[in-house]
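Have a look at the structure below, then the notes.
Just so it is clear, the values below take in all heavy atoms, side chains as well, and ignore hydrogens, waters and symmetry mates. What you see is a predicted model, and the numbers here were worked out from it, not measured in a lab.
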Amino acid sequence: MARFLTIKTARLAPSAGSAAALALVLALQSAYAGTAEETAAGAVAGTATGSVAAAPSGALAAELRAAAVRLEHGEGLPRDLPQALGLYCRAARLGDTQAQYALGWMLANGRGTPRDDGAAAQLFALAAAQGHPQAQAMLQATNTAPNTPLPACMLPDTPFALLPPEPRVLYPQPGSKQIGAMVEQLAPQFEIDPRLAMAIISVESGFNTRALSPKNAQGLMQLIPETAERFRVKDAFDAEQNIRGGLAYLRWLLAYFRGDVQLVAAAYNAGEKAVDQHKGVPPYAETQEYVKRVARLYKHAIHPYQRGLTSGSALNQP
C-alpha cells in the first residue's frame with residue numbers, strides 16, 4: 001500500500017497580534033527542526049527580548065527573491081507571475097522577510113493567483129513579527145480569515161499519508177486504459193501517485209510505447225539511454241521496463257527537490273542541473289510549456305518523497 005504525504009497546516013488568527021505571529025515563526029522553526037536534512041527552511045530564532053535573527057540561508061533566499069522581483073516586473077526577461085510566486089514562496093520559506101511581504105502582497109491583490117486575504121494576512125504577520133513596517137501596516141488593513149493555512153510551499157513536511165482525492169483525468173489516447181492499469185499496479189511500488197505518472201506519460205509520449213524523440217528519448221516515459229542505464233532499463237521500448245525506469249527517476253527527482261512537483265516536472269524535461277542552475281524552472285520555452293501541461297493534468301503542488309534517497313537540491317535546503 002502506497003503512503004502519501006499530508007501537510008501539517010500551521011495556522012494563526014492574525015488578530016492575535018505580533019506576539020502570536022512571533023509564536024508562529026518559532027513554531028515553524030520547531031516544525032522544520034530535526035535531522036540535518038530537515039533543518040528549518042524558513043526558520044528564525046527568537047531572543048529573550050523578542051527580536052528575531054535571520055535564518056542562515058539568507059544568501060540563497062536573497063537570490064531567489066531577486067529572481068522573483070525580475071519575473072514579477074519583467075526586468076530583463078519576460079514577466080511570469082506564477083513563477084515569481086513560486087520563487088517568492090521558496091524565499092519566504094527560507095525566512096526572507098521581504099519575500100514574505102511580497103508574497104502576501106501578491107495574494108492580497110490577486111496578482112498572478114486568486115486573491116486570498118487569509119493567507120496574505122498570515123504572511124504579513126510573519127514579516128511583521130520580524131519588524132517589517134509595510135507588513136505591519138498591511139496586516140491592519142487586510143481582511144483576515146482565522147485558521148487560514150499558509151501556502152503549501154511554506155509548510156513543513158510530515159510523515160506519509162494519503163494525498164487529497166481529486167477526479168481522475170480521462171485520457172483519450174489509444175492504449176491509455178491498458179497503460180493506466182499497469183501504472184496503477186507499478187506506481188505504489190515506487191511510492192509515486194499514479195496520477196502524476198500518467199500526467200508525465202501523457203505529455204512525454206502520448207501513450208506511444210514506440211515513441212522516439214530527436215534526442216533519442218525512448219518509449220512511454222521518454223528515457224534517454226543514460227537515464228535508462230542509470231535505472232537499469234534494458235529495453236526502453238518495453239512498456240513495463242520503461243514505466244519502472246521512469247517511476248524510479250521520478251522517485252529520485254521528488255527526493256532531490258523535496259516533493260516540489262513544479263521543479264520535478266521541469267527537471268524531468270530539462271534535467272536537474274538546469275533547474276539548479278536557473279534556481280527554478282529554466283527559461284526554455286519547451287520546458288515552461290511542459291511544466292504547464294503537466295500542471296493542467298496533475299493539480300498537486302507537493303508530492304511525497306523518500307528522505308535519505310539523495311542529499312537534495314540547494315533550492316530546497318536551508
Side-chain angles (χ1 to χ4, degrees), residues 4-5 7 32 37-38 41-42 57 60-61 63-68 70-72 77 80-94 96 99 103 112-113 150-157 163 190-193 195-197 199-201 203-204 221-222 224 227 230 246-318:
F4 290 113
L5 177 71
I7 301 215
Y32 277 100
E37 180 186 352
E38 297 163 338
S57 51
L60 174 59
E63 288 187 24
L64 291 169
R65 170 169 42 80
R70 292 195 297 272
L71 286 165
E72 180 186 0
L77 70 171
D80 187 333
L81 295 181
Q83 177 71 352
L85 282 162
L87 291 176
Y88 276 136
C89 203
R90 291 184 195 114
R93 176 171 169 160
L94 289 168
D96 187 276
L103 181 60
T113 186
L150 287 163
C153 60
M154 286 284 292
L155 300 176
D157 308 314
L163 277 168
F190 296 84
E191 296 188 338
I192 300 295
D193 186 346
R195 295 167 294 186
L196 174 59
I200 295 292
I201 291 172
V203 176
E204 285 286 346
M221 300 190 76
Q222 289 290 274
I224 60 174
T227 304
R230 176 180 174 186
L247 290 171
Y249 187 33
L250 279 176
R251 177 174 60 184
W252 187 92
L253 288 173
L254 284 162
Y256 186 70
F257 291 111
R258 292 176 63 89
D260 189 315
V261 173
Q262 183 186 61
L263 297 183
V264 167
Y268 200 97
N269 177 261
E272 57 267 22
K273 291 182 181 179
V275 175
D276 282 338
Q277 178 184 349
H278 293 283
K279 297 181 173 62
V281 179
Y284 314 146
E286 175 190 329
T287 301
Q288 295 197 355
E289 179 60 24
Y290 180 95
V291 169
K292 292 175 183 177
R293 291 177 65 191
V294 170
R296 285 195 290 266
L297 296 170
Y298 187 75
K299 306 299 183 183
H300 294 296
I302 302 295
H303 186 288
Y305 63 92
Q306 294 185 13
R307 292 179 175 87
L309 195 62
T310 177
S311 58
S313 168
L315 291 177
N316 303 91
Q317 296 292 337

For L103 against A92, the heavy-atom pair lying closest together: CD2-CB, 4.5 Å

Heavy-atom pair with the smallest gap, counting every atom of L85 and G112: CD1-O, 3.4 Å

Rounded distance [0.5 Å steps], CG in D96 versus SG in C89: 12.0 Å

Minimum heavy-atom distance A99-A91, with the two atoms named: CB-CB, 3.6 Å

Stepwise ring-ring contact (aromatic ring centres under 6.0 Å, His included) check, H303 with Y305: CA-CA 6 Å; H303 186 288; Y305 63 92; 9.3 Å; no

side-chain contact (heavy atoms from CB on, under 4.5 Å) partners for K292, two or more places apart: E289, R296

Contacts of E72 that satisfy side-chain contact (heavy atoms from CB on, under 4.5 Å) - sequence neighbours left out: L81, A84, Y88, W105, M106, R111

E286 to N269 - nearest heavy-atom pair and separation: OE2-ND2, 3.1 Å

P82: partners by side-chain contact (heavy atoms from CB on, under 4.5 Å), with sequence neighbours left out: D80

L254 vs E191, side chain to side chain contact (heavy atoms under 4.5 Å, CB included): CA-CA, chis, key distance, verdict: CA-CA 10 Å; L254 284 162; E191 296 188 338; over 6 Å; no

Smallest separation among heavy atoms of L250 and V264, with atom names: CD2-CG1, 3.9 Å

Aromatic plane relationship, H300 with Y298 - under 30° parallel, 30 to 60° tilted, over 60° perpendicular: perpendicular

S313 OG to L253 CG distance, which is reported to the nearest 0.5 Å: 10.5 Å

Side chain to side chain, D276 and Y256, heavy atoms closer than 4.5 Å: yes

Value rounded to 0.5 Å, distance of CZ in R293 from CD1 in I200: 10.5 Å

Pairwise side-chain contact, L297 with V203, heavy-atom cut-off 4.5 Å (strictly under): yes

Non-neighbouring partners of E204 that pass side chain to side chain donor-acceptor pair (under 3.5 Å), sequence neighbours left out: Y290

Check: P283 main-chain N/O paired with H278 side-chain donor or acceptor under 3.5 Å: no

For the student: nearest non-hydrogen atoms of G280 and R90, plus distance: CA-NH1, 4.5 Å

Contacts of type ring-ring contact (aromatic ring centres under 6.0 Å, His included), residue Y249, not counting sequence neighbours: F231, Y268

For A270, side-chain contact (heavy atoms from CB on, under 4.5 Å) partners two or more places apart: A274, P282, Y284, T287

E63: side chain to side chain donor-acceptor pair (under 3.5 Å) partners, not counting sequence neighbours: K279

